[in-house]
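See structure below.
Per chain, numbering begins at 1; letters A, B, ... match sequence-line order.
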Amino acid sequence: MEYDFRKIEKDWQKKWKESNAYKVANDFSKPKCYVLDMFPYPSGAGLHVGHPLGYIASDIYSRYKRLKGFNVLHPMGFDSFGLPAEQYALDTGQHPAETTKKNIATFKSQLDNIGFCYDWEREVQTSDPNYYKWTQWIFLQLFNSYFDKKENKAKPIADLIKTFETEGNLAARSSQLTAFSADEWKQFDEKQKADILMNHRLAFCGYGEVNWCEALGTVLANDEVVNGVSERGGHPVVKKTLRQWYLRITDYADRLLEGLNTVDFSDAMKEMQSNWIGKSSGAEIEFGVKSQESGAKLRVYTTRPDTIFGVDFMVIAPEYELVEEITTKEQQKAVEEYITYVKSRSERERMAEKKISGVFTGAYAKNPFNGREIPIWISEYVLAGYGTGAIMAVPCGDERDLKFAKHFNIPVTNIIGTHFNGEEANPTKDAILENSGFLDGLVMREALEIAINKIEELGIGKRKVNYKMRDAAFSRQRYWGEPFPITWEDGIAKEWTGELPLVLPEVEKYGPGPDGQGPLANIPEWVAQELETNTMPGYAGSSWYFLRYMDNKNEKEFCSRAASDYWNQVDLYIGGTEHAVGHLLYSRMWTKVLYDLGYIGFDEPFKRLVNQGMIQGSSRFVYRVICKAMNNDGEGIEYNDIFLSKAFADKREKMESGNNEWNEILDLITHKLSIVFPKKNFQAKGFTIIPQHVDVNIVDGFELDIEAFRKLKPEFNNAEFIYEDGKYICGSEVEKMSKSKFNTVNPDDLVAKYGADTFRMYEMFLGPVEMSKPWDTKGIEGVHRFLKKFWRLFADETKGLIINDEEPTAAELKVLHNAIRKIEQDTERFSFNTGVSGFMIVTNELTDLKCHKRKILEPLLILLAPYAPHIAAELWSLLGNATAVLDAAYPTFEEKYVKESSKAYPVAINGKTRTELTIALDATQQQVEELVLTDETVKKWLDGKQPKKIIYVKNKMINIVI
RNA sequence: GCCCCGGUGGUGGAAUUGGUAGACACGCAGGACUUAAAAUCCUGUGACCCGCAACGGUCGUAACGGUUCAACUCCGUUCCGGGGCACCA
């Protein structure tokens with residue numbers, strides 16, 4: 001009776017499907033547990049071994065919770081709108097809906113293969129009109145709401161209109177919005193009113209810069225732009241301003257920050273989010289510009305108004321509105337050239353640039369306190385979207401400013417005395433100010449407040465809280481996304497009056513529309529209805545999908561209140577850190593809005609978040625040689641079907657024409673040429689080595705399977721290989737797992753070879769779920785061996801079942817209960833790798849004890865069921881159980897079976913362990929000291945001396961200080 | 001550049017709260033079983049030194065420095081790898 005995993009797994013998957021074993025009911029009588037994975041984008045490459053890492057972890061946890069009596073919601077779906085499908089459509093003409101459908105089918109079959117406990121009845125797909133109907137509906141809620149600063153929450157825009165009608169916009173006096181009275185509001189025409197309301201809507205329209213590629217006639221995503229040119233075709237890319245939709249997430253900045261205190265995310269994650277929000281306090285200060293009689297003012301934001309006397313220059317963003325106005329004639333050309341240069345640069349490049357660049361405008365600002373003239377510069381490191389787009393540079397206190405000053409020979413004022421050495425800027429707040437007018441002699445920390453007060457008093461600026469976070473751009477000039485249920489009449493955006501969903505129309509081609517508009521602008525009927533031609537971005541659908549799973553068939557609501565009250569927050573959310581500041585912030589914001597508007601009863605979506613590490617690919621390379629050769633008859637060829645093993649290719653750095661390494665390779669090539677062209681007598685003259693990715697699936701460790709290689713690439717049927725030690729060794733590199741790098745490993749292949757249970761446990765055994773690591777299939781055998789060994793506790797090849805009903809011994813009970821404790825703890829704390837090793841240990845121990853007792857093995861089966869559900873189900877039923885192991889009761893750990901009365905303590909001398917002593921657990925300090933001093937090893941180390949101190953930590957260790 | 005994470009034997013990793021570094025596996029080496037292979041089982045396996053022995057010694061958790069009776073764990077500096085930086089998802 002062998003462990004026939006192929007048959008067992010197929011049978012059980014079939015049984016589970018037929019019996020609806022994973023159906024989740026909205027059974028409100030049971031305690032609930034909501035376990036969620038970040039749903040995947042169904043890419044054409046299918047699932048690779050990196051995807052299931054988190055899915056297996058959550059599956060184990062879900063099954064574990066079910067055994068513990070919870071009603072567990074553990075759904076799966078697809079984030080099926082997105083750029084790759086659209087690009088594929090552009091390339092091949094296939095409708096994204098078609099390819100997406102195919103890809104989803106592949107993903108689902110791959111997922112089912114691994115034996116996950118999803119209730120597919122609850123699946124959601126963001127590109128399904130029945131789903132995006134509600135995405136559009138929520139968008140309209142955002143569009144029809146504003147953020148009430150007083151109540152610190154979203155409210156219907158109708159409320160705001162009422163306020164305008166009765167009190168006008170008096171509150172606006174303290175902000176940058178225009179103030180008006182109730183009467184004035186009533187006088188405004190429709191367009192004026194609409195424009196004002198647009199300044200308050202949570203989803204609003206504005207203008208923003210995009211990566212524009214003229215040659216492709218389209219807007220490009222950041223990762224489609226490489227070094228200022230388009231990734232496809234290498235065309236120039238510039239900034240272009242287009243009308244865009246935004247979400248007013250900045251209004252939620254404070255609540256997003258505060259909410260972090262109520263959720264169980266890692267400190268790193270919380271830190272990333274709060275850094276992204278970037279709350280800072282300081283002041284906005286206005287500086288007069290010298291050359292401007294018009295009274296143009298330069299408004300800067302600074303967190304350090306205390307350093308105002310140390311300002312040696314100003315830097316404004318190249319996009320700053322006053323650039324043209326203040327630039328002097330002499331500097332005009334230089335400024336224009338610089339701005340042209342900056343236009344070709346992405347924001348990322350601008351921030352990452354180490355090289356200092358900038359240009360002087362010729363204009364000077366005036367320090368409002370001492371009248372000092374300060375040169376105004378333009379530099380790319382100041383971004384228009386941050387603060388006011390202008391900074392005051394204080395080189396003695398800021399490294400970046402100091403480098404800039406040094407580079408352009410701008411004299412540096414020292415206001416912090418000895419705290420500044422002229423070499424390195426010092427951002428201290430503890431220095432006593434010098435050269436600082438009325439602030440002289442004050443500690444900076446205190447000067448800060450005094451400076452702000454003075455600035456406000458003089459009316460040259462005001463206290464200001466600033467956020468680094470910007471409002472979220474919420475539109476794309478693309479096809480494959482949710483259409484906005486918005487129409488434009490006379491420049492006024494209005495809610496579309498039809499019945500949702502507003503279905504994405506068919507298009508003939510997926511290319512861009514006119515003037516940088518999306519493909520929808522090519523459809524006459526669409527344009528005729530004055531419908532918005534932008535579509536929503538990828539994160540629209542993913543910002544609320546966790547709510548739809550709760551009640552995915554509901555046609556009347558996005559989710560019934562009863563369902564969301566019951567399932568409530570996601571108890572455990574698993575996904576990668578790459579979503580730290582995108583998806584996780586947007587979904588938190590949407591949840592808060594839905595809560596504010598009374599649609600759900602909680603304002604944080606995810607109670608606990610676990611970040612799974614990324615499984616990287618371990619790529620393999622072959623080194624192709626392109627060589628030139630000649631023979632004595634003057635015949636010359638270029639030949640490129642020779643591959644060098646790694647050891648030779650590694651020498652290429654050292655190679656120079658004519659040196660030893662070079663000649664060695666030439667000889668090897670010449671030899672190979674004599675095999676390919678037997679009578680020609682070619683002599684290799686020169687060569688280049690080109691590393692090429694090779695499919696990792698035909699490489700064993702580092703050794704290339706040449707037969708498989710020839711089979712896979714018939715064009716290399718006659719290729720020659722230069723071996724080392726009789727093998728062809730490949731190069732390797734750790735990279736992202738991707739089809740284009742030929743380093744993807746398909747779980748299907750591993751499941752076919754070792755079974756789903758082995759695959760699941762191996763992925764967990766690889767290491768902590770949170771850690772990133774390159775994939776390596778080596779080692780899976782060990783896990784497979786373990787499952788076979790586990791099987792042999794129950795069944796013998798020849799004798800069949802070997803289970804008996806004898807009473808367990810104390811030793812056996814101890815082994816079992818140690819395992820219960822370890823595995824339960826490890827599962828709870830998400831340490832699945834040590835959990836797996838716990839199973840290995842208990843199996844090894846029971847094998848050594850030759851234990852085949854039902855009373856020991858049956859509880860063990862329940863422990864294993866979440867990790868390896870198929871083998872557990874099979875053995876469970878072989879033991880004669882009529883019920884499903886899925887709903888068995890989790891075994892309870894009992895202390896009494898594992899209790900010890902003594903412990904083998906490590907005894908250290910000066911911190912180094914020298915021996916071991918077994919001592920009763922309830923021993924006192926004095927007893928231990930006496931005992932320790934009689935020990936031979938200790939005596940030897942003491943060498944007759946008296947110990948200075950004996951440290952005894954109960955249940956831990958003993959340390960003798962000499 | 002900025003923010004976050006990581007670095008432990010030949011390899012993946014363990015050490016949960018500062019308390020025996022290397023659990024559990026892989027690989028490798030040797031052995032048993034077998035006509036043979038597969039499968040399975042047993043033994044050894046961080047480096048170095050001494051030695052008849054070892055339940056003997058020294059070193060060792062990226063590097064350097066610090067705190068402590070005690071540091072993989074805490075602090076500081078540096079190096080390397082990964083993720084994010086607002087239109088990939």
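Comparing A/Pro906 and A/Leu766 by the nucleotide of RNA chain B whose heavy atom lies nearest to each, the residue mapping closer to the 5' end is A/Leu766. Comparing A/Lys468 and A/Lys773 along RNA chain B, the residue whose closest nucleotide (by nearest heavy atom) sits nearer the 5' end is A/Lys773.
At B/A54, none of the side-chain N or O atoms of A/Arg914 fall inside 4.0 Å of OP1 or OP2 (strictly under the cut-off). Close to B/A70, at under 4.0 Å from its OP1 or OP2, lies no side-chain N or O of A/Thr913. Side-chain N/O atoms of A/Asn844 include none lying less than 4.0 angstrom from OP1 or OP2 on B/A23. At the phosphate of B/C88, neither OP1 nor OP2 sits under 4.0 Å from any side-chain N or O atom of A/Trp480. Considering only side-chain N and O atoms, A/Asn275 lies nowhere under 4.0 angstrom from the phosphate OP1 or OP2 of B/C2. Distances shown here put a side-chain N or O of A/Arg476 below 4.0 Å from the OP1 or OP2 atom of B/C87. Residue A/Arg350 has no polar side-chain atom (N or O) positioned under 4.0 Å from OP1 or OP2 of B/G1.
When heavy atoms are screened at a 4.0 angstrom cut-off, A/Ala580 is found touching no nucleic acid atom at all. Residue contacts for A/Lys789: at a heavy-atom cut-off of 4.0 Å it reaches the sugar-phosphate backbone alone, with no base atom in range. Using a 4.0 Å heavy-atom distance criterion, A/Met38 is classed as making no nucleic acid contact. Using a 4.0 Å heavy-atom cutoff across all strands shown, A/Ile951 reaches at least one base atom of the nucleic acid. Residue-level contact check: A/Asn222 touches the backbone only, with heavy atoms under 4.0 Å from sugar-phosphate atoms and none from bases. Across all strands, A/Pro40 comes closer than 4.0 Å to no nucleic acid atom at all (heavy-atom distances). Note on A/Trp941: only backbone sugar-phosphate atoms sit closer than 4.0 angstrom, heavy atoms only; bases stay farther off. Within the 4.0 angstrom heavy-atom criterion, base atoms lie near A/Val210. Among the atoms of the strands shown, none is found under 4.0 Å from any heavy atom of A/Ala472. Residue A/Glu209 is out of contact with every strand shown, counting any heavy-atom pair closer than 4.0 Å.
Spacing of P atoms, B/G10 relative to B/C48, comes out at 10 Å, to the nearest Å. B/U73 and B/U8 are spaced 13 Å apart, taking the P atom of each and rounding to whole Å. Across the P atoms, B/U61 and B/U40 are found 37 Å apart, a figure rounded to whole Å. Using C1' as the reference atom, B/C59 and B/A21 are 13 Å apart when rounded to the nearest Å. Rounded to a whole angstrom, the distance from the P atom of B/A53 to that of B/U67 is 42 Å. For the C1' atom pair drawn from B/A47 and B/C85, the interatomic distance equals 43 Å after rounding to whole Å. Straight-line distance between the C1' atoms of B/G30 and B/U35: roughly 23 Å, to the nearest whole Å. Look at the P atom in both B/C4 and B/G60: the space between them is 31 Å, to the nearest Å.
The CG-P distance, from A/Asp935 to B/C55, rounds to 16 Å in whole Å. What separates CZ of A/Arg785 from C1' of B/A38 is a distance of 12 Å, to the nearest Å. Straight-line distance from the NZ atom of A/Lys912 to the P atom of B/C55: 19 Å, rounded to whole Å. Between the CD1 atom of A/Ile780 and the P atom of B/U11 there is a distance of 21 Å, given to the nearest Å. Whole-Å rounding puts the A/Tyr467 OH to B/C3 P distance at 21 Å. Whole-Å rounding puts the A/Gln825 CD to B/A15 P distance at 11 Å. Here the P atom of nucleotide B/C4 and the CD atom of A/Glu770 are 19 Å apart, to the nearest Å. Distance A/Arg470 CZ to B/C85 C1': 10 Å, rounded to the nearest Å.
For the residue pair A/Tyr510/A/Asp91, the side-chain donor-acceptor check at 3.5 Å is not satisfied. Residues A/Asn959 and A/Lys949 have side chains that never bring a donor and an acceptor to within less than 3.5 angstrom of each other. When only modelled atom types and interatomic distance are considered, A/Thr577 and A/Asn611 share no side-chain donor-acceptor pair under 3.5 Å. Judged by distance alone, the side chains of A/Glu271 and A/Asn275 never bring a donor and an acceptor atom under 3.5 Å apart. Counted by atom type alone, A/Ser280 and A/Asn466 present zero donor-acceptor pairs between their side chains at under 3.5 Å. When only modelled atom types and interatomic distance are considered, A/Gln244 and A/Ser475 share a side-chain donor-acceptor pair under 3.5 Å. Inspection of the A/Ser542 and A/Tyr586 side chains reveals no N or O donor paired with an N or O acceptor under 3.5 Å.
Distance from the side chain of A/Arg792 is smallest to B/C41 among B/C41, B/G13, B/C3. Checked against B/C69, B/U40, B/G19, the side chain of A/Val961 finds its nearest nucleotide in B/C69. For A/Lys903, whose side chain is taken as the heavy atoms from C-beta onward, the closest listed nucleotide among B/A14, B/U20, B/C26 is B/U20. Candidate nucleotides B/C87, B/A89, B/G13 were compared by shortest atom distance to the side chain of A/Asp79, and B/A89 ranks first. In this structure, the nucleotide among B/A89, B/C24, B/A86 sitting nearest to the side chain of A/Leu83 is B/A89.
With a cut-off of 3.5 Å on both Watson-Crick or G-U wobble distances, the partner of B/A37 is given as none. In a base pair of the Watson-Crick type (N1 to N3 plus N6-O4 or O6-N4) or a G-U wobble (N1-O2 and O6-N3), with each distance short of 3.5 Å, B/C2 is matched with B/G84. Remark: B/U43 base-pairs with B/A29. Criterion, Watson-Crick or G-U wobble with two distances under 3.5 Å. When both distances must be under 3.5 Å, the Watson-Crick or G-U wobble mate of B/G51 does not exist.
Comment: A/Glu224 engages A/Arg478 in a salt bridge, judged by a side-chain N to carboxylate O separation of less than 4.0 angstrom.
The base of B/C69 sits with one of its N or O atoms less than 3.5 Å from a complementary donor or acceptor on the side chain of A/Asn959. Put simply, the side chain of A/Gln477 and the base of B/C87 share a donor and an acceptor less than 3.5 Å apart.
For the atom pair A/Thr126 OG1 and A/Trp544 CH2, the distance stands at 10.0 Å (nearest 0.5 Å).
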Checklist entry - Is there a salt bridge (charged side-chain N to carboxylate O under 4.0 Å, His left out) between A/Glu380 and A/Lys355 once you walk through the steps? => result CA-CA 11 Å; A/Glu380 61 175 336; A/Lys355 215 174 67 207; over 6 Å; no
Checklist entry - Stepwise, does the side-chain hydrogen bond (donor to acceptor under 3.5 Å, both in side chains) test hold for A/Thr535 with A/Trp480? => result CA-CA 8 Å; A/Thr535 52; A/Trp480 192 230; over 6 Å; no
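Here the rule is side-chain hydrogen bond (donor to acceptor under 3.5 Å, both in side chains) with A/Thr533, and of A/Gln477, A/Gln517, A/Arg243 only A/Gln517 fits it.
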Could I get a table of every N or O pair under 3.5 Å where one atom is in the protein and the other is in nucleotides 79-84 of chain B?
unit_1	atom_1	unit_2	atom_2	d
B/G82	O2'	A/Gln616	NE2	3.3

